[in-house]
Amino acid sequence: MSTLNYPEVGATRQEQLPAGYNHLHHRALIGRGRASFESAGQAVTTWRLHRESGVRVRSDAERAEPGVAVECAIGVGPLRVAAPCEVVWTAYAHDRIGFAYGTTGRHPECGEESFVVELAEDGAVWFTVTAFSRASRWHSRLAGPCVPVIQHWYARRLGRTLRRIAG
């Protein structure tokens, strides 16, 4: 049974993100060619990208599929922040691989984030992070304007990490 804490499930597939949230769209060139694309796609959908970017990941599956529970955490001890999510959609296509997860009730935010690798016709491999979110806990509301800054920083970090993996 889903425990998602926002109504716009799947909205990261749309060009227009829902109003009332902070929006994030980050796109990075990470490589060229089919081998780079496949390596990046596998890293994204098996949680390797998140782990190699410094996030602790627990999941009830080795690969992203709709309905899979995943928890990302950063920090240590009492300063550890856990972010439980559920995969809401996946893409396993010839030129597009990725997934989106949505926040669940215990997440400090509510919203959705997608991680997609695309192989362009010219052979360029692009990585895109798209998200909409807003605070759902007192401590995330307290962090206020810092949260979008941290989210943008993390999206750039993911791009750099994936470029290394796909290289």
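- The ring pair (Phe, Tyr, Trp, His ring centres under 6.0 Å) test applied to Phe37 returns no partner, not counting sequence neighbours.
- The two residues Val68 and Ser59 have their closest heavy-atom pair at CG1-OG, 3.3 Å.
- Counted within 6.0 Å of CD on Gln42, heavy atoms from surrounding residues, nucleotides or ligands total 12 or fewer; the atom is thus considered open.
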Can you list, pair by pair, the side-chain donor-acceptor contacts under 3.5 Å of residues 118-126, counting residues two or more places apart and other chains?
from: Asp122; atom 1: OD1; to: Ala124; atom 2: N; distance (Å): 2.9

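- Here Arg58 contributes atom CZ and Arg56 contributes atom CZ; the two are 9.0 Å apart, rounded to the nearest 0.5 Å.
- Proximity of a side-chain donor or acceptor of Thr103 to a complementary backbone N or O of Cys85 within less than 3.5 Å is not detected.
- Heavy-atom minimum distance, Ser53 versus Leu158: OG-CD2, 3.4 Å.
- In this view, Ala35 satisfies the side-chain contact (heavy atoms from CB on, under 4.5 Å) rule with no residue, not counting sequence neighbours.
- Distance check: Thr3 OG1 to Glu86 CD gives 6.0 Å after rounding to the nearest 0.5 Å.
- Judged purely by atom type and a 3.5 angstrom limit, Arg96 has no side-chain atom pairing as donor or acceptor with the backbone of Ala91.
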Problem - side-chain contact (heavy atoms from CB on, under 4.5 Å) evaluation trace for His23 with Gln16 - result: CA-CA 10 Å; His23 295 169; Gln16 184 83 16; over 6 Å; no

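- Contact between Gly54 and Arg157 at its shortest, heavy atoms only, is N-NH2, 4.3 Å.
- The nearest pair of heavy atoms linking Thr104 to Pro84 is OG1-O, 3.0 Å.
- Taking the salt bridge (Lys or Arg N to Asp or Glu O under 4.0 Å) definition, one finds that Glu65 meets it with Arg63, sequence neighbours left out.
- For Ala40, the side-chain contact (heavy atoms from CB on, under 4.5 Å) test picks out Ile30, Val117, Leu162, Ala166, with sequence neighbours left out.
- Taken to the nearest 0.5 Å, the OG1 atom of Thr130 stands 9.5 Å off from the CZ atom of Phe115.
- Taken together through direct or relayed side-chain contacts under 4.5 Å among Ile, Leu, Val, Met, Phe, Trp and Tyr, Val9 and Leu17 form part of one hydrophobic cluster.
- Residues passing the side-chain contact (heavy atoms from CB on, under 4.5 Å) test with Glu52, sequence neighbours excluded: Arg48, Thr161, Arg164, Ile165.
- Applying the salt bridge (Lys or Arg N to Asp or Glu O under 4.0 Å) criterion to Arg156, with sequence neighbours excluded, gives no partner residue.
- The side-chain contact (heavy atoms from CB on, under 4.5 Å) search around Pro18 returns Glu8, Ala11, Tyr21, Phe132, not counting sequence neighbours.
- Between Gln151 and Ser133, the shortest heavy-atom contact is NE2-OG, 3.1 Å.
- Tyr92 and Leu49 end up in the same hydrophobic cluster when Ile, Leu, Val, Met, Phe, Trp and Tyr side chains are linked at under 4.5 Å.
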Problem - Worked verdict on Thr90 versus Thr45 for side-chain contact (heavy atoms from CB on, under 4.5 Å) - result: CA-CA 9 Å; Thr90 58; Thr45 59; over 6 Å; no

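- Legend: residues meeting ring pair (Phe, Tyr, Trp, His ring centres under 6.0 Å) with Trp47, ordered by chain and number and at least two apart, are Phe99.
- Here ring-ring contact (aromatic ring centres under 6.0 Å, His included) pairs that include residues 146-167, with residues two or more places apart or in two chains, number zero.
- When the side chain to side chain donor-acceptor pair (under 3.5 Å) test is applied to Glu112, the partners found at least two apart in sequence or on another chain are Tyr6, Thr12.
- Residues Trp89 and Ser114 come closest through the heavy atom pair CZ2-CB, 3.6 Å.
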Exercise for the section: Report the C-alpha separation of Thr128 and His25 in whole Å, then their side-chain angles, then the decisive distance to 0.1 Å, and conclude whether the side-chain contact (heavy atoms from CB on, under 4.5 Å) test is met. Expected result: CA-CA 7 Å; Thr128 304; His25 184 82; 3.5 Å; yes

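- By the salt bridge (Lys or Arg N to Asp or Glu O under 4.0 Å) test, Arg13 is found to be paired with no residue, residues two or more places apart in sequence or in another chain being considered.
- Proximity of a side-chain donor or acceptor of Arg163 to a complementary backbone N or O of Gly31 within less than 3.5 Å is not detected.
- A donor-acceptor contact shorter than 3.5 Å is absent between the side chain of Asn5 and the backbone of Cys110.
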